[in-house]
Number of protein chains: 2
Amino acid sequence: MTFFNENPVTAADKTFYQLRKDIVEGDITAGAKLSETELSTKHAVSRAVVREAINRLESCHLVERKANVGARVVALTPEGLIELYQVRESLEGMAARLAATNMTEHEIAELQLLLDSHSDKVKTSANYYQEAGDVDFHYRIILGSKNNHLISMLLEGTYHLVRMYRVQLGMAGERVSTAFDEHKHIVQAITNRDPELAEMLMRRHILYSKNNIEQKLLKPNNDT
Amino acid sequence: MTFFNENPVTAADKTFYQLRKDIVEGDITAGAKLSETELSTKHAVSRAVVREAINRLESCHLVERKANVGARVVALTPEGLIELYQVRESLEGMAARLAATNMTEHEIAELQLLLDSHSDKVKTSANYYQEAGDVDFHYRIILGSKNNHLISMLLEGTYHLVRMYRVQLGMAGERVSTAFDEHKHIVQAITNRDPELAEMLMRRHILYSKNNIEQKLLKPNNDT
DNA sequence: AAGGCTCAGATTGTCGACAAAGTGAGTGTA
DNA sequence: TACACTCACTTTGTCGACAATCTGAGCCTT
């Protein structure tokens, strides 16, 4: 999974990417305090570098910072996840709308190919899809919007948070076959250059995911 | 015009707010280079403080930074403005939708009052409205969504950029009376607790503004 | 015992200096 | 003249130390 413009050139970059990875994947536990001195010794860099990294994490809404007190990793709450999906619905819906007009024929053809390759895998190893394929699909449509603000908001902000929730609340490999069908219809709308339908289908797609997650969160004691 | 959580407690805060103001209002010209040493002497703080301020400006998409080269104020392009309005349409549409369910009766009543007070002013001094009233109106609906991600995205990011375009391309006091009617209808939909209509009306409202701006940008030589 | 105060310890905020990388004028060569 | 290289200068990146602020344990007062 390769993300938007990730070539660490400076020490602050590397520290930022490393910390982000640790937070998203739960190696740094949610709600934990980020001590600047501690992190600077651990990563063998100066405190200034760590401070810059933490500032960037704050911009991504992955940590919260209070003046003269310090930074904490954000807490994972059901409400936070719902809020995130509402933002996704709005932004990715617009992305799909724009993609329907702005994607090149070549890009659409490649999107079709991606879907075809998933078509096989979804039958064999179901959990593969949700993990990487789903991200890849949404990723391409976001880029296809050609709207730089939209792209950076989603790829530098929202998406890492969504992944943090997914990884740490352990919600992978769900709703696979239906989600795949929804993807197919979205691509169809984009192929037909139908912006309004593409947006509506994308919004429905994300809304369904949200409802699915909401259900799980409201009755979490079904696996005992 | 009071914005979201603006109490400068640290030197970096003050420098950030000052620089943001200077950039948005054009005192630091668009595309200009931000020299760390120069700014540190001018604002009488250390370079570390200026660096933190610039990093935060980058998070707001007000400046762009290249490693080992420096930071420049973003350029103002017609395309950039269009992109911004597309994002606004999407996010503020969702904000209106959420506000229709999440605003309290009291908040709605105050919104009505705000509109009534504008009703007078729009007849007397037309340019007042666009300047502060419009911002205030959208501001309240954004807060009314009660979605913290949405709120911070719009209030810390998008809105300052929009204002930068407005101030520097000088597009105030336009489309006032029609915009006012649109505001009225949006409030009506929220009062009726009709999320879908509220979203649709808000999107239309922003779309009309976008089209209006687009027209002006495409034929800018109508005032000679 | 409950509540407020003091002060030492720890943490963050700020600073100036050094290291590393980029920039551009000037020179030399074809 | 056009092009490429050199090298000094400027700017950014990183560092360790000092100043300002917060935290919490212990003590005092009521």
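Naming convention: chains lettered A, B, ... in sequence-line order (proteins, then strands); numbering from 1 in each chain. Side chains are part of it too, since the values below use all heavy atoms of this structure and drop only hydrogens, waters and symmetry mates.
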Can you check whether [X] has a side-chain N or O nearer than 4.0 Å to OP1 or OP2 of [N]?
X	N	answer
B:Arg51	D:dC15	no
A:Lys33	C:dT12	yes
B:Ser46	C:dC15	yes
B:Arg47	C:dC15	no
B:Thr10	C:dT12	no

Applying a 4.0 Å non-hydrogen cut-off, can you work out what B:Leu34 is touching in the nucleic acid: base, sugar-phosphate, or nothing? sugar-phosphate
Would you mind classifying the nucleic acid contact of A:Ala48 as base, sugar-phosphate or nothing, using non-hydrogen atoms under 4.0 angstrom? base
On the six-membered ring of A:Tyr85, is A:Arg88 placed so that its NZ or CZ lies under 6.0 angstrom from the centre and within 45° of the ring axis? yes
Could you tell me the separation between the [atom1] atom of [X] and the [atom2] atom of [N], rounded to a whole number of Å?
X	N	atom1	atom2	value
A:Asn55	C:dT12	CG	C1'	12 Å
B:Lys66	C:dG22	NZ	P	12 Å
A:Arg72	D:dT23	CZ	P	11 Å
B:Glu36	C:dA17	CD	C1'	15 Å
A:Arg65	C:dT11	CZ	C1'	11 Å
B:Asn68	D:dT14	CG	P	8 Å
A:Phe16	D:dG13	CZ	C1'	17 Å
B:Ile54	D:dG13	CD1	P	9 Å

Closest to side chain of B:Val49, choosing from D:dC22, D:dT14, C:dT14: C:dT14
Quick check on DNA chain D: between A:Ala67 and A:Val9, whose nearest nucleotide comes earlier from the 5' end? A:Val9
Return the CD1 to CE distance between B:Ile142 and B:Met202, rounded to the nearest 0.5 Å. 7.5 Å
What's the shortest heavy-atom distance between A:Ser145 and A:Leu150, and which atoms? OG-CD2, 3.8 Å
Is the distance between the ring centroids of B:His138 and B:His183 under 6.0 Å? yes
Apply salt bridge (charged side-chain N to carboxylate O under 4.0 Å, His left out) to residues B:Lys21 and B:Asp27 and explain how you reach the verdict. CA-CA 8 Å; B:Lys21 180 170 177 290; B:Asp27 296 335; 5.1 Å; no
